[in-house]
J.: 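I'd like to ask some things about the structure below.
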Amino acid sequence: MKKKIIFLIGIITVILGIFLLTSSKENKDFVYVIPKIKNFEVLETNIGKYQLISLDNPSKEIDIEQKKFLNGSLFYNVPNGNYLLQGEYAGETETINFIKSKDWEKIQIGLEGMKFSKHQEIFLNILTVSLIILNLLIFTGVKDRFRKNNDLKIIFILLISKMLLSFRGSFQTDFFILVEYILTRLLLYLLIFYFLNNIINKRYKKFRVFIWISLAIIYVYNFLFVLMIYSPQFYVHLIESHSTFLNVIRLIRKTIDLTRIIFIISIFEFLNKKREIPKSHYLYWFIIGISYFILEFFHEIFPTQRNLYYFIELMEIVFIFWWLVFNSLKSYTKQTTRVIRYILGVTLAYISLFYFKSLTEPTVILLTIIILDFYTTTINQIMSVKNEVIEKIYNRMCLTQNIKTFEMQLRKEILRNINTIDIKVKVFIDFDEYKKYIIDQADDNIFISKEYLLIDDYDLAFRIEFNENRYIGAIFVKEKDNSLSFEEHNFLLELSNKIASAMSQVRINSLYTELI
C-alpha cells in the first residue's frame, strides 16, 4: 500500500513538474549570473554583489531589476544587446563583456573568494576518501545486523553517494549540484520515515500527524526549488506571477526543514525515554545533545562560515544515521568507538582547513588523533574496567550448582537491574535444544533480534558462549513499549560475556550428574 502511494505521488510530481516548466517557458529577457564557488549549499544567497550595465546606451537608464537567486543573482527585464557585468565577492572583482542574443542568458563569473590551492584540494579529497572508508569500516563491523534491514541498507548507500558527490574538482557542474540536492533530500526523508516506522511509538498519534503535515509542506517547497534549480525561467515566472506565494515559501524554508524535523523527533524521543537513563549519564547525553544542536543550528550560530555548511550538514546526517543503527540494531563494539574517533578527527581536520586555509592545522589534528588512539588502545589492553554490579552477580552465580536454580537466580538478578516486562534464562544441554529457541545465524553476534527467535513471547535475546562452545545458553528479554536503553543493552551484553564461565560450569556439572 505504501509503495503504491509513493509511486502515485511520484507520478503526480512528474506530471505537475512538466506542466509548470512548460507554462514558464515563455518567460524571457533575463540574465542569470552564478559565481564559480562550489562549497556552498545550493540555496545559499547573498554571495557576491553584481551590477549590469548596458553598453549600447551607457548614458540611458534601463529599468533592470535584480533578485538574488540560489548562489548568484538574476537580472530580468533585460532586452537583447551588449552588456558589462561587474561582480564582487570577498575582496575579489571580475568584469565580463557579453552579448545577450537569446531569450535568456546564463553567465558564469570567475568569483571564487578564498579558493583552495591544488594541494589543499587534494587534501580535501583525501579527507573525503578517509570519511568514506571509515563509514565503510563501521558498516563492515555491523553488516550482519543489516541482514534483514533493507531500509538502513538503502539509507547507507545514499549516504555514501552523498559523500562521493562532495569531492572537489573541476568536474563539479550544475547537474551534480542538482543531483546532490535531490539525493540529500531523499536521504533525509528516508531517515525520517525510519524514525516514524521504527523509533516513535505508534500511540503518539498527534505528534506523528504533526510530522506528516510538516513533511508534506517541506515536500512542496523542495519540489518547487528543484524546478527553480533546473529552470531559472520557472523562478522568473514565480517572481512575476506569484511573488507573494514565493515569499511565503522562502519564509517556511527558513523556519522548517528536514534536518530540523529530525532534531524535533530526537528531542521528543529523548524526553519520552529520559526516565530510563541513569542520572549519572545525564551529563553525557547533555554533551551529545549540545553537539547535535550546534550541528543543526550551525548556519545561524556562525553565519559567516558559509564554506563549512555543506560539510556540517553531511556530518549531521552521519551522526543521525549511526545513532539509528546502534539504537535499532543494538550493535556496538569497542572497535566501533575507534572508528568514530577517527571520523571526529577527519571532521575537525575539515573544519580547520576551511577556517585556517592551511594544511598544517588539519595534519596536526590527524596526527594527534592517531597518537591518542595508539595510547588509549594500549592502556585499555593493560587495564580492564570491571562493572561492580556484574561482578557481584557473577560471584553469586558461581555458587549455584543446579541448572534450574541457576536460571531462576540469574533471572531475578537481571530483573533487579533493568526495566523490562520479563526475563527468561535458558541453559542449553546441546545444540539441538538451542535450535528449538533460536535460528542459528552462524556469526559471532551475541545479540539476537526478534526475527531469529522461535519463541513468540520475547522480543530479543543475548546468546551466551564459552571458549569453543557457542551455544551454552541465552537470556531472553520481553520489552515494554519502550525498547531497552543503551545502558541496559550494554549491561546485558557485558553480563552475557561475564557469566559464560559460570553457566558453562553448572552445565558441565549437570551433564556429569546425569552420567553418574
Side-chain angles (χ1 to χ4, degrees), residues 1-27 32 40-45 67-71 74 154-155 158 162 174-175 177-197 200 205-265 268 296-297 299-300 309-310 313 316-317 320:
M1 184 64 183
K2 291 181 180 179
K3 291 182 179 180
K4 291 181 179 179
I5 293 174
I6 293 173
F7 179 75
L8 180 62
I9 292 174
I11 293 295
I12 293 173
T13 300
V14 171
I15 294 173
L16 183 60
I18 293 172
F19 171 76
L20 292 174
L21 290 175
T22 303
S23 63
S24 64
K25 283 291 184 182
E26 296 180 0
N27 290 277
Y32 173 34
F40 292 138
E41 204 269 345
V42 70
L43 299 181
E44 186 61 71
T45 56
K67 293 283 185 180
K68 294 292 183 182
F69 177 55
L70 304 182
N71 292 350
L74 191 144
I154 294 171
I155 294 173
L158 291 177
K162 179 175 172 61
D174 292 345
F175 173 75
I177 290 174
L178 179 61
V179 170
E180 192 277 330
Y181 179 80
I182 295 173
L183 186 146
T184 301
R185 270 62 200 172
L186 177 61
L187 176 58
L188 290 169
Y189 263 108
L190 291 179
L191 284 170
I192 294 172
F193 292 157
Y194 193 87
F195 267 104
L196 292 174
N197 293 331
I200 302 299
K205 294 182 179 179
K206 291 183 179 179
F207 180 75
R208 295 171 69 87
V209 169
F210 164 75
I211 297 298
W212 281 112
I213 292 174
S214 301
L215 290 178
I217 295 171
I218 294 171
Y219 183 81
V220 171
Y221 78 64
N222 274 314
F223 166 65
L224 294 175
F225 277 121
V226 166
L227 294 183
M228 285 189 280
I229 295 169
Y230 178 78
S231 172
Q233 285 180 295
F234 179 66
Y235 179 65
V236 174
H237 173 71
L238 290 181
I239 291 175
E240 294 180 347
S241 305
H242 308 284
S243 59
T244 303
F245 175 71
L246 182 61
N247 291 332
V248 171
I249 289 293
R250 284 173 176 158
L251 179 63
I252 292 174
R253 184 185 179 274
K254 290 180 180 179
T255 307
I256 185 170
D257 201 0
L258 292 170
T259 55
R260 202 73 41 96
I261 290 294
I262 296 177
F263 185 74
I264 293 171
I265 291 175
F268 180 82
E296 174 56 33
F297 294 93
H299 207 193
E300 285 74 21
Y309 182 70
Y310 175 87
E313 181 187 57
E316 186 177 2
I317 295 173
I320 294 164

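Here the structure is a predicted model, which means the values were calculated and not measured. Positions are given from 1, in the same order as the sequence printed here.
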J.: Does any part of the side chain of I211, heavy atoms only, come nearer than 4.5 Å to the side chain of F195, both counted from C-beta?
T.: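 Counting from C-beta outward, F195 and I211 never come under 4.5 Å.
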J.: Looking at CG of L158 and CG of L186, how far apart are the two atoms once the value is rounded to the nearest 0.5 Å?
T.: 5.0 Å
J.: Could you list the residues that satisfy ring-ring contact (aromatic ring centres under 6.0 Å, His included) with F207, not counting sequence neighbours?
T.: F268
J.: What is the distance from atom CD1 of I264 to atom CD1 of I262, rounded to the nearest 0.5 Å?
T.: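 If I round to the nearest 0.5 Å, the distance is 10.5 Å.
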J.: Applying side-chain contact (heavy atoms from CB on, under 4.5 Å), name anything that partners I18, two or more places apart in sequence or on another chain.
T.: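 With neighbours one apart ignored, the set is V14, T22.
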J.: What pairs with I217 under side-chain contact (heavy atoms from CB on, under 4.5 Å), at least two apart in sequence or on another chain?
T.: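 Applying side-chain contact (heavy atoms from CB on, under 4.5 Å) to I217 gives I213, I252.
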J.: Listed by chain and number, what are the side chain to side chain donor-acceptor pair (under 3.5 Å) partners of Y189, not counting sequence neighbours?
T.: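 By the side chain to side chain donor-acceptor pair (under 3.5 Å) rule, Y189 matches no residue at all.
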J.: Kindly compute the distance separating CD1 (I182) from CG (L187), expressed to the nearest 0.5 Å.
T.: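 Interatomic distance, I182 CD1 to L187 CG, rounded to 0.5 Å: 13.5 Å.
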J.: Output all residues satisfying side-chain contact (heavy atoms from CB on, under 4.5 Å) with I12, sequence neighbours left out; order by chain, then residue number.
T.: L8
J.: For L21, give me all partners under side-chain contact (heavy atoms from CB on, under 4.5 Å), at least two apart in sequence or on another chain.
T.: L227, Y230, S231, F234
J.: Side-chain contact test, heavy atoms from C-beta onward, threshold under 4.5 Å: evaluate it for D257 versus R185 and give yes or no.
T.: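 Counting from C-beta outward, D257 and R185 do come under 4.5 Å.
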J.: Looking at F245, I'd like to know if its CZ atom is crowded, meaning that more than 12 non-hydrogen atoms belonging to other residues, nucleotides or ligands lie closer than 6.0 Å.
T.: no
J.: Might you work through the side chain to side chain contact (heavy atoms under 4.5 Å, CB included) test for I317 and T184, ending with a clear yes or no?
T.: CA-CA 9 Å; I317 295 173; T184 301; 4.2 Å; yes
J.: Working to the nearest 0.5 Å, report the span between CD1 of I265 and CD1 of I192.
T.: 5.5 Å
J.: With R208, which residues qualify under side chain to side chain donor-acceptor pair (under 3.5 Å), at least two apart?
T.: none
J.: Run the side chain to side chain contact (heavy atoms under 4.5 Å, CB included) test on W212 and V209 for me, step by step, so that the C-alpha distance in whole Å, both residues' side-chain angles and the decisive distance to 0.1 Å come before the verdict.
T.: CA-CA 5 Å; W212 281 112; V209 169; 5.8 Å; no
J.: Please round to the nearest 0.5 Å and tell me the distance separating atom CD1 of I256 and atom OH of Y221.
T.: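 So the gap between those two atoms works out to 7.0 Å.
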J.: Return the CD1 to CG distance between I15 and L20, rounded to the nearest 0.5 Å.
T.: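 Rounded to the nearest 0.5 Å, the CD1-CG separation comes out at 12.0 Å.
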